[in-house]
Colleague: 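This structure is in structure tokens; I'll ask about it shortly.
Scope of the values below: all heavy atoms of this structure, side chains included, with no hydrogens, waters or symmetry mates. These figures come from a predicted structure and were not determined experimentally.
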Amino acid sequence: MLGAFYRNGFGRTEEAFALTRQHPDKLTYNHCWDPRYEERGLDQLRRDADRFQLKGAELYTAEWHGASRGYKLDDPWSYRYLEMAQELGIKNIHVHKGPTIRPLDRDAFDVADVDKAATDFPELNFVVEHCGLPRLEDFCWIATQEPNVHAGLAVAMPFIHTRPRYFAQIIGELLYWLDENRIQFSSDYALWTPRWLIERFVDFQIPEDMQDEYAPITVEQKKKILGLNAAAMYGIPVPAGAEVPATTPGPAASEAGPGRGRLRRGAAHGGVTCPRHCPPAPWSSGPGRRWTRSSTPSWTNPSPTSASSAPSRQAPTAG
């Protein structure tokens, strides 16, 4: 990662992997790939998946590679890699979509490509690190309709110290649109202990004068965000007593927001039921499906595509 700027890349593969082997009950290792390496990179991905027993990957779409200054998740070669990841059991795709630093290009971190990829690969989880900042609104609208899109709080977390009201807006919007089950704490790169972020978040509360728009954060929500959601995604055992009891939403849940929702969740428009009482979305999101629309209102599900073939998945298009 960032091999164009760092002699050995920005990550430390061997050191990080060694830590996960020392603490397998607490840590998991995620590797990376760059689809611009094409077939050679696919071969490397197979070897890496076998060696590291990968469950997740970290993607950096603003990475420079030769004359290229970034790529998109829905590029043809990127789809080849996502298909390979799916075949190898790499389900959790952490994609960095947030602020850039000079000389990287801001547009290379645009969140728009997450929408199409998440639709075409419903079996994969897309954890959008930095929750799309500064494009939070775009990210929230995408995540509302795509149930396999999650928010990572890297970069957002430090605002809890310097801009607490701004952080309240960020976490409030995420809880409104996604709910607490699809938000994950992130400390960003470990230059120092994340304790300064964790302790402040444990004590944090939405300011009273903002609570007419954003509901107060509960202890159960904080537990999920700080660790339980990531543990569930990666199958990491949780210490006894740390779990959050499963609850059944009561009648008020239909009045709280798309994620916990003031508008009722439904299938017709992702997270929000259409006020015109539209019927459920007439397509399947089963493994290996691609969706096409004919000239008639009917929808069809062609046979699954092969992971080894060129990408042929496509989102619904009007006939």
Colleague: Show which residues join Leu27 in its hydrophobic cluster (side-chain heavy-atom contacts under 4.5 Å, direct or indirect), or state none.
Modeller: Leu19
Colleague: Hey, are the side chains of Leu124 and Asn92 touching, using non-hydrogen atoms and a 4.5 Å cut-off?
Modeller: no
Colleague: Would you give the length of the straight line joining atom CG of Leu175 to atom CD1 of Ile206, rounded to the nearest 0.5 angstrom?
Modeller: 7.0 Å
Colleague: Assigning hydrophobic clusters by single linkage (Ile, Leu, Val, Met, Phe, Trp, Tyr; side-chain heavy-atom cutoff under 4.5 Å), is Val127 placed with Val95?
Modeller: no
Colleague: Checking His150 side chain against Glu129 main chain: does a donor-acceptor pair fall under 3.5 Å?
Modeller: no
Colleague: Distance-only, no hydrogens or angles: does the Lys97 side chain make a donor-acceptor pair with backbone N or O of Asp110 under 3.5 Å?
Modeller: yes
Colleague: Taking it one step at a time, do Ile90 and Lys55 satisfy side chain to side chain contact (heavy atoms under 4.5 Å, CB included)?
Modeller: CA-CA 4 Å; Ile90 306 172; Lys55 295 181 180 179; over 6 Å; no
Colleague: Looking only at non-hydrogen atoms, find the nearest pair between Trp33 and Ala85 and report the distance.
Modeller: CH2-CB, 3.6 Å
Colleague: Check this for me: does any side-chain nitrogen of one of Lys72 and Asp74 sit under 4.0 Å from a carboxylate oxygen of the other?
Modeller: no
Colleague: Under 3.5 Å, side chain of Glu243 to main-chain N/O of Ala240, donor-acceptor pair present?
Modeller: no
Colleague: Side chains of Phe185 and Pro194: does their closest heavy-atom pair fall under 4.5 Å?
Modeller: yes
Colleague: Is the closest side-chain heavy-atom distance between Leu174 and Glu180 below 4.5 Å?
Modeller: no
Colleague: Check side chain to side chain donor-acceptor pair (under 3.5 Å) between Arg40 and all other residues, then give those that pass, not counting sequence neighbours.
Modeller: none
Colleague: Could you verify whether a donor N or O on one side chain and an acceptor N or O on the other, from Asp115 and Gln145, lie under 3.5 Å apart?
Modeller: yes
Colleague: What distance do Leu226 atom CG and Ile183 atom CD1 have between them, rounded to the nearest 0.5 Å?
Modeller: 11.0 Å
Colleague: Do the non-hydrogen side-chain atoms of Glu199 and Phe204 ever get within less than 4.5 Å of each other?
Modeller: no
Colleague: Using the side chain to side chain contact (heavy atoms under 4.5 Å, CB included) rule, take Gln86 and Glu83 through it: C-alpha gap first, then chi angles, then the decisive distance, then the call.
Modeller: CA-CA 5 Å; Gln86 187 171 278; Glu83 288 177 339; 5.6 Å; no
Colleague: Which atoms form the tightest heavy-atom contact between Gln211 and Pro216, and what is the distance?
Modeller: OE1-CG, 3.3 Å
Colleague: Please report the shortest heavy-atom distance between Thr20 and Thr28, naming the atom on each side.
Modeller: CG2-C, 3.6 Å
Colleague: Closest approach of Ala168 and Pro207, non-hydrogen atoms and distance?
Modeller: CB-CD, 3.7 Å
Colleague: Do Tyr71 and Pro35 make a side-chain contact, defined as non-hydrogen atoms from C-beta onward lying under 4.5 Å apart?
Modeller: yes
Colleague: Who are the side chain to side chain donor-acceptor pair (under 3.5 Å) partners of Asp209, not counting sequence neighbours?
Modeller: Arg165
Colleague: Could you grab the distance from atom OG1 of Thr13 to atom CZ of Arg51, nearest 0.5 Å is fine?
Modeller: 8.0 Å
Colleague: When the ring centroid of Phe121 is compared with that of Phe126, is the distance short of 6.0 Å?
Modeller: no
Colleague: Tell me the closest heavy-atom pair linking Ala151 and Cys131, and the distance in Å.
Modeller: CB-CB, 4.1 Å
Colleague: Stepwise, does the side chain to side chain contact (heavy atoms under 4.5 Å, CB included) test hold for Tyr81 with Asp75?
Modeller: CA-CA 10 Å; Tyr81 279 71; Asp75 289 342; over 6 Å; no
Colleague: Just by distance, do the side chain of Asp203 and the backbone of Arg200 share a donor-acceptor pair under 3.5 Å?
Modeller: no
Colleague: Checking Glu123 against Asn148 for the side chain to side chain donor-acceptor pair (under 3.5 Å) test, could you report, in this order, the C-alpha distance in whole Å, the side-chain angles of both residues, the deciding distance, and whether it holds?
Modeller: CA-CA 8 Å; Glu123 311 88 347; Asn148 56 335; over 6 Å; no
Colleague: Short question: side chain of Arg135, backbone of Ala112 - any donor-acceptor pair under 3.5 Å?
Modeller: no
Colleague: Do the rings of His31 and Tyr29 sit parallel, tilted or perpendicular, given the 30° and 60° boundaries?
Modeller: tilted
Colleague: Working to the nearest 0.5 angstrom, can you tell me the gap between Phe201 CZ and Leu153 CG?
Modeller: 7.0 Å
Colleague: Ignoring hydrogens and angles, state whether a donor on the side chain of Glu173 or Tyr214 is under 3.5 Å from an acceptor on the partner side chain.
Modeller: yes
Colleague: Using side chain to side chain contact (heavy atoms under 4.5 Å, CB included) as the criterion, list what pairs up with Arg21, not counting sequence neighbours.
Modeller: Phe17
Colleague: Transitively linked via ILVMFWY side-chain contacts under 4.5 Å: Leu73 with Tyr37?
Modeller: yes
Colleague: Do Leu45 and Ile93 belong together in a cluster built from hydrophobic side chains that touch within less than 4.5 Å?
Modeller: yes
Colleague: What side chain to side chain donor-acceptor pair (under 3.5 Å) pairs are there with at least one residue in residues 230-241, not counting sequence neighbours?
Modeller: Asn30-Tyr234, His94-Tyr234
Colleague: Who passes side chain to side chain contact (heavy atoms under 4.5 Å, CB included) against Ala230, sequence neighbours left out?
Modeller: Gln184
Colleague: Drop me the distance from Glu137's CD to Ile142's CD1, to the nearest 0.5 angstrom.
Modeller: 11.0 Å
Colleague: The test is side chain to side chain contact (heavy atoms under 4.5 Å, CB included); show your working for Trp177 and Trp141 and say whether it passes.
Modeller: CA-CA 8 Å; Trp177 293 104; Trp141 281 99; 3.6 Å; yes
Colleague: Please determine whether residues Leu82 and Met233 belong to a single hydrophobic cluster, defined as Ile, Leu, Val, Met, Phe, Trp and Tyr linked transitively by side-chain heavy-atom distances below 4.5 Å.
Modeller: no
Colleague: Crowded around Glu15 CD? As in, over 12 foreign heavy atoms under 6.0 Å?
Modeller: yes
Colleague: Whether Arg80 and Glu39 form a salt bridge (side-chain N of Lys/Arg under 4.0 Å from carboxylate O of Asp/Glu) is what I want to check.
Modeller: yes
Colleague: Linking I/L/V/M/F/W/Y whenever their side-chain heavy atoms sit closer than 4.5 Å, directly or via other members, would Val114 and Phe139 fall into one cluster?
Modeller: yes
Colleague: Are the side chains of Trp77 and Arg36 in contact, using a 4.5 Å heavy-atom criterion?
Modeller: no
Colleague: Mind listing the closest non-hydrogen atom pair of Val149 and Ala118 along with its distance?
Modeller: CG2-CB, 3.6 Å
Colleague: Taking the side chain as every heavy atom from C-beta outward, state whether Met210 and Glu213 have any pair of such atoms under 4.5 Å apart.
Modeller: no
Colleague: Can you tell me how far the CG atom of Asp25 sits from the CD1 atom of Ile236, to the nearest 0.5 Å?
Modeller: 8.5 Å
